[in-house]
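In what follows, a structure is listed as structure tokens, so that the remarks can point back to it.
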Amino acid sequence: MQFSSDNAESWAPEVLEALAKAAEGPLPSYGDDPLTEEVGQRFNHIFEKDVTVFLVATGTAANSLAFASLCPPYGAIFAHEAAHVMVDECGAPEFFTGGAKMVALPGDAGKIAPDTLTHALSHFFEGFVHHSQPHVLSLTQATESGTVYSPEEVAVLAKIAHGRGMAVHMDGARFANALVHLGCSPAEATWKAGVDVMSFGATKNGCLAAEAVVFFNPDGAASFPYLRKRAGHLFSKHRVLAAQMLAYLEEDRWLKLAAHANAMAARLGGELAGIEGVRLWYPVQANEVFPSFPGEVAAQLMGEGAAFHPWIVPGDPAQGQMCRLVTSFKTKDEDVDAFLTATRRLCGA
Ligand SMILES: Cc1ncc(COP(=O)(O)O)c(C=O)c1O
């Protein structure tokens with residue numbers, strides 16, 4: 001009953017096979033190889049426009065280096081208060097930007113509301129030398145609460161940000177899961193809604209370690225090659241990243257893997273919601289479920305071998321400790337069944 005994280009799973013077999021195949025023969029290094037060239041073309045096709053793509057090995061590197069290319073040290077980056085960039089990257093965004101200010105915005109279910117952004121920006125006076133200057137809005141898709149911004153919601157926020165001359169970044173560590181939920185095209189979910197740069201996640205959903213930074217406007221990408229090299233993320237055997245990404249994107253594998261994870265979460269969440277005493281804190285839209293359980297049930301489930309994390313409780317703690325359960329491309333039906341059976345038994349249902 002493994003629901004601790006989508007990072008706890010390994011990788012898709014096709015990705016590993018692609019790596020073995022990519023080992024044949026010498027190839028040019030540092031990204032001058034044909035596999036990396038093909039990755040670029042694949043992303044052009046997926047996003048229906050010419051984009052500029054860079055591969056790195058972690059999501060923290062993707063986010064932080066994207067910020068470094070968009071934001072000077074005196075700039076400010078706005079993100080949800082629970083965003084990975086805000087709380088789980090150990091200051092890497094501040095470090096790689098040379099000290100930009102991270103501004104945490106509150107918001108229900110992991111999302112930033114337009115009024116919240118407008119209000120926060122009103123405290124940063126344009127051209128006022130004593131204030132950090134707003135440069136980036138970062139949106140997480142899917143959010144840390146497992147919810148998904150619609151393209152319309154992204155567009156409203158992007159309009160506000162662009163109105164202040166800011167760039168819009170999307171942390172798409174779970175972009176595939178979000179896209180499966182939305183059912184729209186990758187272009188509609190991103191640049192057509194006003195996203196300028198995205199961190200396109202692949203590790204959580206089937207790769208060993210591969211993420212892409214995608215610039216929808218090539219002009220913004222000029223400094224990125226140097227920033228990536230300086231950060232030690234320009235892989236010499238670059239095909240290691242490219243082969244993973246190609247296998248991930250091939251035949252819509254990324255969407256099929258995410259569809260499986262989402263379906264597992266929908267079933268888990270849907271059935272948990274029907275058990276008396278169990279409360280779901282957020283709608284299940286991607287591959288994460290946030291329930292609280294009555295009494296000692298959460299601890300008992302863990303005692304029976306279920307792996308999941310207690311999570312931060314917003315609002316009234318009397319309503320029970322919120323937990324986070326994550327499904328993945330590898331989650332088995334049997335694991336969902338076993339978890340539901342144990343929960344029903346422990347809840348006396
Ligand atoms: C929303 C989000 N962004 C980015 C990341 C990437 O983090 P890492 O640097 O561990 O690959 C994660 C991983 O947990 C995440 O949940």
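Throughout, residue positions are numbered sequentially from 1 according to the sequence presented. Every number for a ligand or one of its atoms is a count from 1 in the order of the listing. Quick caveat, the model's predicted, so the values are computed rather than measured.
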May I ask you to list the atoms of ligand 1 that are less than 4.0 angstrom from any heavy atom of Thr140?
1 (C)
Please could you name the atoms of ligand 1 that Lys204 approaches to less than 4.0 Å, counting only its heavy atoms?
12 (C), 13 (C), 14 (O), 15 (C), 16 (O)
May I ask you to identify, for Val85, whether its side chain, its backbone, both or neither come under 4.0 Å of ligand 1 on a heavy-atom basis?
neither
Atom 6 (C) of ligand 1 has as its nearest protein heavy atom Gly59 CA, 3.4 Å
Measuring from non-hydrogen atoms of Asn63 to any atom of ligand 1, is the shortest distance under 4.0 Å?
yes
Hey, which atoms in ligand 1 end up nearer than 4.0 Å to a heavy atom of Arg174?
16 (O)
Just wondering, more than 12 heavy atoms not from Asn217 lying within 6.0 Å of its CG?
yes
Check ligand 1 against Glu144 and write out every atom of the ligand that is under 4.0 Å from a heavy-atom position of the residue.
1 (C)
Can you confirm if the aromatic rings of Phe339 and Phe3 lie within a centre distance of less than 6.0 Å?
yes
Counting each atom of ligand 1 from 1 as listed, which ones have a heavy atom of Asp171 under 4.0 Å away?
1 (C), 2 (C), 3 (N), 4 (C)
Using 30° and 60° as the class boundaries, would you call the ring planes of Phe308 and Phe293 parallel, tilted or perpendicular?
tilted
Please check if the side chain of Asn262 supplies one atom and the backbone of Met264 the other of a donor-acceptor pair under 3.5 Å.
no
How far is atom 10 (O) of ligand 1 from its nearest protein heavy atom, and which residue and atom name does that atom have?
Thr60 OG1, 4.4 Å
Hey, can you tell me if His169 and Phe67 have their rings parallel, tilted or perpendicular (30° and 60° cut-offs)?
perpendicular
Measure the distance from atom 5 (C) of ligand 1 to every protein heavy atom, then report the residue, atom name and distance (to 0.1 Å) of the closest one.
His84 CE1, 3.4 Å
His131 vs Phe125 aromatic rings, parallel, tilted or perpendicular, using cut-offs 30° and 60°?
tilted
Could you check whether Arg239 pairs with Asp32 (Lys NZ or Arg NE/NH1/NH2 to Asp/Glu carboxylate O, under 4.0 Å)?
no
